[in-house]
Amino acid sequence: MTEFLVFAAILVAASLVFVLVPLWRASTPTPDKRRDANITIYHQRYAEIEREVAAGRLSRRDAEIEKDELGARLLDDIDNTPAIAPSAQAARRPWLATLLVLVVLIGGSSAVYWQIGNYQSLAGGDTPSLTAMIGELEQRVAEHPDDMRAQAMLARAHEATGNYAAAAQGYRALNAAMPAPRPPIIAAEAQATLASTDDLQGRAKTLYEQLLELDPQSREALWYLGLAAAERGDTHRAIDYWDRLLAEDLPEEFATMVANRRAELAGEKPTLSND
């Protein structure tokens with residue numbers, strides 16, 4: 001949880017910067033913009049007077065008089081406009097407001113996490129372990145071999161951890177213990193067996209044939225048995241399996257994939273996607 005605490009501290013610090021910087025800036029005296037504006041106006045009007053003299057619209061004497069008046073007004077404005085604008089908060093810094101923000105933000109967030117957060121994980125408390133759960137299930141199955149629910153949970157746990165060989169063995173024991181074959185358990189064993197061996201010609205093929213006998217419309221069995229037949233070079237059987245599969249109501253993308261594989265196998269031109 002060290003990474004989490006560091007990340008949380010960074011977020012709190014960023015929040016403090018976001019709140020406190022504008023607060024302290026508001027209490028800092030800033031230059032009065034009117035002073036700069038008056039000087040800018042003076043230079044602009046001075047240039048205009050020179051242009052009027054050059055154009056013959058204003059005599060040099062009148063121009064000098066207007067320049068003197070313009071300079072006098074500027075001097076008066078500068079004398080009456082301080083460089084730094086006074087602020088009601090300039091005499092004191094917002095220490096009280098800063099302290100209040102710190103208490104509310106840090107204290108509040110800590111209190112909320114204490115109430116709804118995962119305090120046990122921060123305190124190093126015990127958390128559920130999948131490895132420990134598998135060990136408990138293995139012990140339960142060893143002590144109660146007829147507990148098929150525990151066997152199914154153990155097989156699924158092995159599958160979740162990527163131990164497909166152990167999962168296949170568990171599903172196989174479960175299939176053997178069943179009073180009658182059940183398609184979902186057979187399919188689960190076939191999937192785990194195929195994942196662990198990457199072999200469509202052995203136990204997995206036998207299981208999918210058994211599954212197809214129990215469920216003649218099994219999409220999974222028709223697809224993998226077609227792949228197995230194509231792998232053996234039995235093109236006619238593979239096409240037969242996939243024709244039966246295409247007769248089912250398949251999702252569009254899956255149907256396109258099956259149709260293309262069938263077309264390739266039959267030497268036909270695959271169907272192009274509209275995309």
Show your working on side-chain contact (heavy atoms from CB on, under 4.5 Å) between His158 and Glu138 and close with a plain yes or no. CA-CA 11 Å; His158 281 308; Glu138 287 176 339; 3.6 Å; yes
To the nearest 0.5 Å, atom CD of Gln210 lies from atom CD of Glu189 at 8.0 Å
CD/Glu220: more than 12 non-hydrogen atoms of other groups inside 6.0 Å: yes
Hydrophobic clusters here meaning ILVMFWY residues chained together by side-chain heavy-atom distances under 4.5 Å, can you tell me if Tyr224 and Ile185 are in one? no
Minimum heavy-atom separation for Leu246 to Arg262, with atom names? CD1-CD, 4.1 Å
Any link between Tyr171 and Leu211 through a network of hydrophobic side chains (Ile, Leu, Val, Met, Phe, Trp, Tyr) touching at under 4.5 Å? no
Cluster check Leu207, Tyr164: I/L/V/M/F/W/Y, side chain < 4.5 angstrom: no
Quick check on Glu143: does its CD atom have over 12 non-hydrogen neighbours (other residues, nucleotides or ligands) under 6.0 Å away? yes
4.5 Å side-chain heavy-atom contact, Met153 and Arg156: yes
Counting only heavy atoms from other residues, nucleotides and ligands, does the tally under 6.0 Å from CD of Glu248 exceed 12? yes
Smallest separation among heavy atoms of Ala230 and Ala238, with atom names: N-CB, 3.7 Å
Nearest 0.5 Å please: distance from the CD atom of Glu159 over to the CG atom of Leu154. 11.5 Å
Could you tell me which non-hydrogen atom of Ser196 sits nearest to which non-hydrogen atom of Ala165, and how far apart they are? CB-N, 3.6 Å
Would you confirm whether Arg203, through its side chain, and Thr197, through its main-chain N or O, come within 3.5 Å as a donor-acceptor pair? no
Check Ala157 against Ile134 and note the closest heavy-atom contact, atom names and distance. CB-CG1, 3.7 Å
So among Asp240, Leu245, Leu200, Leu212, which one has a side-chain contact (heavy atoms from CB on, under 4.5 Å) with Leu225? Leu212
How close do Ala177 and Met148 get, counting heavy atoms only, and between which atoms? O-SD, 4.0 Å
Can you tell me if CZ on Arg232 sees more than 12 non-hydrogen neighbours from other groups inside 6.0 Å? yes
Would you call Glu209 and Lys205 a salt bridge, using N to O less than 4.0 angstrom? yes
Leu222 side, atom CG; Tyr208 side, atom OH - distance, nearest 0.5 Å: 11.5 Å
With rounding to the nearest 0.5 angstrom, report the CG to CE distance, Leu137 to Met133. 5.5 Å
Atom pair CG (Leu214) and CD1 (Ile186), whose distance is rounded to the nearest 0.5 Å: 5.0 Å
Trp242 CH2 to Asn260 CG distance, which is reported to the nearest 0.5 Å: 11.0 Å
Consider only side-chain heavy atoms of I, L, V, M, F, W and Y, link residues closer than 4.5 Å, and tell whether Val141 and Met178 are in one cluster. no
